[in-house]
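The next block holds one structure in the form of structure tokens; read it before the comments.
Read the numbers this way: they start at 1 and go in the same order the structure lists the ligands and their atoms. Computed over heavy atoms, backbone and side chain alike; hydrogens, waters and symmetry mates excluded.
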Amino acid sequence: MGKKGLGITITQHILSQQRQNPEATGAFTTLITELIVAAKVISREVNKAGLVDILGPTGKINVQDERVQKLDIFANQAIIERMQHIGQLWCMGSEEDPDLIEIPPQFPKGEYILFFDPLDGSSNIDVNISIGTIFGVFKKKNSGTTPDLLLDDVLQPGIKQVAAGYFVYGSSTIMVYTTGNNTGVHGFTLFPSVGEFLLSHENIRIPEKGKIYSVNEGNYVHWDKKTRALVDYFKTKDKETGRPYSTRYVGSLVADFHRNLLKGGIFMYPADKKDPKKPTGKLRLMVEANPLAMVVKEAGGYASDGHGPILNIEPTGLHQRTPLYIGSKQDVELAEAYISGKV
Ligand code: AHM
Ligand code: MG
């Protein structure tokens with residue numbers, strides 16, 4: 001924790017970044033500020049989630065499942081309702097909505113597009129494991145001249161994101177964000193007593209190489225030979241390269257990613273043959289892979305689909321899935337070499 005930064009609120013931090021950019025209008029600051037309010041509301045609800053067994057209605061079948069589903073929907077609605085009236089958004093895309101989310105006609109529209117996964121890792125809600133919200137922000141494409149909302153005018157490769165980040169609702173609630181262009185990746189911890197996010201992790205840099213690999217190894221039988229060889233590599237003993245690595249996997253991308261960002265290592269969700277409908281793995285390009293790829297790049301790491309940078313993928317669908325290898329640069333480059341057949 002940088003002592004220098006202690007006590008700086010996220011609002012102060014965003015405003016100081018805004019002042020460094022002479023072209024900034026404050027529109028982006030408004031956007032992020034409102035998103036933070038939505039996240040605080042979600043954080044409060046997540047913290048209460050465990051109480052449902054004690055306080056929730058009794059006699060109902062499937063209370064737990066109900067609750068899990070409700071929190072997903074709650075988080076989605078909290079973000080949409082908070083963000084739709086701020087006047088800065090052209091539209092939104094959420095993991096929970098099959099189509100783009102339009103700004104209702106009674107509200108002004110803006111230039112930004114917000115993609116988000118409202119509650120990532122939601123299968124972990126009822127077992128008290130960290131979950132989170134992931135977001136990425138784009139500007140509307142110049143080609144978007146028609147007043148109609150066309151997917152082609154909205155979808156862009158991740159490299160065009162102007163900001164990205166995430167919230168983790170864990171032992172404490174933390175927000176990590178970047179606006180790219182070498183402005184760094186910064187982490188803020190929510191102090192519940194004052195209701196403010198305070199700077200706790202200034203200019204996060206991910207180690208060049210880590211000692212952790214994070215993957216759902218239960219999918220081993222569904223992987224191709226290259227993927228198996230890669231995971232076998234991390235498990236093989238070799239003193240010189242610091243192997244075997246340790247496995248760490250909680251099943252919330254946002255939490256697994258956050259740990260590896262701070263400690264170094266690689267998170268993988270490879271393509272598998274488990275579900276013929278999802279041959280490219282489970283994770284979504286627009287709401288999961290792209291935002292975290294921007295964060296990791298700005299922190300000195302790398303994100304790949306096994307063949308090239310995640311951030312260069314031209315999206316063709318709102319809910320497109322992608323294999324994901326993300327984390328310390330050397331580890332991800334090695335994974336890419338395995339998957340693309342160079343090793
Ligand atoms: P979700 O957005 O519906 O929660 O699904 C994504 C989650 C990720 O957080 C996590 O990395 C992955 O699914 C875990 O999947 P699996 O259970 O197959 O390992
Ligand atoms: Mg998710």
Side-chain angles (χ1 to χ4, degrees), residues 39 42 45-46 49 64-65 67-79 92-98 114-136 158 164-170 174 176 212-223 227-228 231 247-261 265-296 303-306 310 317-327 332 335:
I42 298 169
E45 286 303 301
V46 168
Q64 218 133 311
D65 288 353
R67 178 71 211 190
V68 169
Q69 197 194 18
K70 270 193 206 150
L71 254 191
D72 271 1
I73 292 164
F74 175 88
N76 195 40
Q77 278 169 359
I79 295 175
M92 292 179 262
S94 164
E95 187 186 300
E96 296 291 334
D97 284 87
L114 175 68
F115 282 99
F116 60 95
D117 180 353
L119 214 48
D120 177 61
S122 45
S123 65
N124 280 325
I125 291 172
D126 55 345
V127 290
N128 230 341
I129 287 176
S130 302
I131 49 184
T133 299
I134 306 174
F135 66 92
Y166 57 87
F167 298 84
V168 181
Y169 313 113
I174 186 162
V176 172
I212 292 172
Y213 76 98
S214 308
V215 70
N216 182 348
E217 223 165 326
N219 288 330
Y220 195 88
V221 290
H222 304 297
W223 292 336
T227 311
R228 288 183 193 180
V231 174
T247 318
R248 295 283 184 273
Y249 189 78
V250 297
S252 288
L253 168 65
V254 73
D256 280 313
F257 174 81
H258 182 64
R259 180 200 53 243
N260 292 5
L261 181 70
I266 180 168
F267 174 96
M268 304 174 259
Y269 209 110
D272 63 48
K273 295 181 224 123
K274 193 169 49 179
D275 182 349
K277 282 191 285 205
K278 301 172 192 167
T280 53
K282 181 178 181 188
L283 300 177
R284 282 94 167 170
L285 177 65
M286 298 308 292
V287 298
E288 294 175 321
N290 267 339
L292 300 185
M294 181 179 187
V295 170
V296 87
S304 168
D305 68 353
I310 287 285
L318 190 54
H319 295 281
Q320 177 174 344
R321 294 174 197 266
T322 176
L324 179 63
Y325 301 86
I326 188 166
V332 177

Find, among atoms of [X] that are N, O or S, the one nearest to the Mg ion (ligand 2), and state its name.
X	value
D117	OD2
D120	OD1
E288	OE2

Kindly say whether [Y] contributes a backbone atom to a donor-acceptor pair with the side chain of [X] at under 3.5 angstrom?
X	Y	result
H319	M286	no
T133	P118	yes
R228	V221	yes
S214	R248	yes
D120	S252	no

Notebook entry, point to check: Does any donor atom in the side chain of N76 or S94 lie under 3.5 Å from an acceptor atom in the other side chain?
Noted result: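 A donor-acceptor contact under 3.5 Å links the two side chains.
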Using 30° and 60° as the class limits, which term best fits the ring planes of F167 and Y169: parallel, tilted or perpendicular?
parallel
Show the distances, to 0.1 Å, for all pairs joining an N/O atom of ligand 1 and a protein N/O atom that are shorter than 3.5 Å, listing one pair per line.
from: ligand 1; atom 1: 2 (O); to: E95; atom 2: OE1; distance (Å): 3.1
from: ligand 1; atom 1: 2 (O); to: E95; atom 2: OE2; distance (Å): 3.0
from: ligand 1; atom 1: 2 (O); to: D117; atom 2: OD2; distance (Å): 3.3
from: ligand 1; atom 1: 2 (O); to: D120; atom 2: OD1; distance (Å): 3.4
from: ligand 1; atom 1: 2 (O); to: E288; atom 2: OE2; distance (Å): 3.2
from: ligand 1; atom 1: 3 (O); to: E95; atom 2: OE2; distance (Å): 3.4
from: ligand 1; atom 1: 4 (O); to: G121; atom 2: N; distance (Å): 2.8
from: ligand 1; atom 1: 4 (O); to: S122; atom 2: N; distance (Å): 3.2
from: ligand 1; atom 1: 9 (O); to: D120; atom 2: OD1; distance (Å): 2.9
from: ligand 1; atom 1: 9 (O); to: D120; atom 2: OD2; distance (Å): 3.1
from: ligand 1; atom 1: 9 (O); to: L253; atom 2: N; distance (Å): 2.7
from: ligand 1; atom 1: 11 (O); to: L253; atom 2: N; distance (Å): 3.3
from: ligand 1; atom 1: 13 (O); to: K282; atom 2: NZ; distance (Å): 2.9
from: ligand 1; atom 1: 15 (O); to: K282; atom 2: NZ; distance (Å): 3.0
from: ligand 1; atom 1: 18 (O); to: Y269; atom 2: OH; distance (Å): 2.5
from: ligand 1; atom 1: 19 (O); to: N216; atom 2: ND2; distance (Å): 2.8
from: ligand 1; atom 1: 19 (O); to: Y249; atom 2: OH; distance (Å): 2.5

